[in-house]
Protein chains: 2
Amino acid sequence: MQDKITKILKAIADPTRREIFHALVLAATAMPITQISNQFEISRQGITKHLKTLEEAGLVQINAKGRERYCQADAQPLKEVNQWLKFYEHFWDNALGNLGSYLDSKS
Amino acid sequence: MQDKITKILKAIADPTRREIFHALVLAATAMPITQISNQFEISRQGITKHLKTLEEAGLVQINAKGRERYCQADAQPLKEVNQWLKFYEHFWDNALGNLGSYLDSKS
DNA sequence: TATATTTGCAACCATATAGTTGCATATTAA
DNA sequence: TTAATATGCAACTATATGGTTGCAAATATA
């Protein structure tokens, strides 16, 4: 479909998914889908779809236990976003760009 | 439409837009649209659309001079993404989440 | 002035996305 | 065994997205 970083960025580009992810991170424990969806306005199936997207990005791990599927946040893929961002650190301190300071840092 | 961070994340979630942005950052100089679109396979109008999205996210600044419109990268909005990411730093070092170390850092 | 260049605008298209509802199925509890 | 619960699957809808083409308008060049 698409590369890893794109999947991750697309996953977190949606505000509802960021909320779900955040809730799971704070929960710090695995939660079944229904329990997650109780915390949101949208339907359980809506939540399920978002969880699938998050899972495909590696941001959520799901494992079944009996009839329930326990979902747990995994922040690790965000490292990759951080990596991507890092390159631009050199540039974001002046609005006009700063190739100079980037090149300096290389020497 | 949508909040700032969402606009920024949506802007960089598209691989073509990341490429355009990257090219502009490296160019370190303002470039007219046609000149940018020459570096890509897709049509000029396609590029124009992407530039508009990037502009709305604040990642590109455009100013007209004569019949040309000069585009320039501005990495500053990426700070906001960095800010968002920062919260999850505490969690991305173990796959099972790490609320503990986050809470420790607060004490 | 006549021509070439840079651009914007609008219409269009195919596909993806975010959400819904209804129903079937598997597991657990009474 | 019967009833309740958790879930998946499929179909459907509306809108967004990423791209295209054609054309008109403004500016620059011959």
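To find a chain, count down the sequence lines: A is the first, B the second, and so on, and within it residues start at 1.
For the residue pair B:E68 / B:Y70, a side-chain donor-acceptor distance below 3.5 Å is found, with atom types taken as modelled.
Where A:M31 and A:K10 meet DNA chain D, the nucleotide closest to each residue was compared, and A:M31 sits on the side nearer the 5' end. Judged by closest nucleotide on DNA chain C, B:I33 is the one of B:I33 and A:T53 placed further toward the 5' end.
Side-chain proximity of B:R44 to C:dA11, C:dG8, C:dT20: nearest is C:dG8. Distance from the side chain of B:E68 is smallest to C:dT6 among C:dT6, C:dG8, D:dG19. The nucleotide whose nearest atom lies closest to any side-chain atom of B:Q45 is, among D:dT7, D:dG18, C:dG8, C:dG8.
Applying the 4.0 Å criterion to OP1 and OP2 of C:dA18, one finds that A:R17 has a side-chain N or O inside that range. Regarding contacts with the backbone of D:dG19, every side-chain N or O of B:T48 stays at 4.0 angstrom or more from both OP1 and OP2. Listed pair A:T34 / D:dT5 fails the phosphate criterion, with no side-chain N or O lying under 4.0 Å from OP1 or OP2. Remark: B:R67 is not in phosphate contact with D:dA25, judged by side-chain N or O atoms under 4.0 Å from OP1 or OP2.
Residue B:A13 comes nearest to A:T6 through the heavy atom pair O-CG2, 3.3 Å, listed as atom of the first residue, atom of the second, then distance.
Taking the six-membered ring where tryptophan is involved, the planes of B:F21 and A:Y88 are tilted, since the angle between them lies from 30° to 60°.
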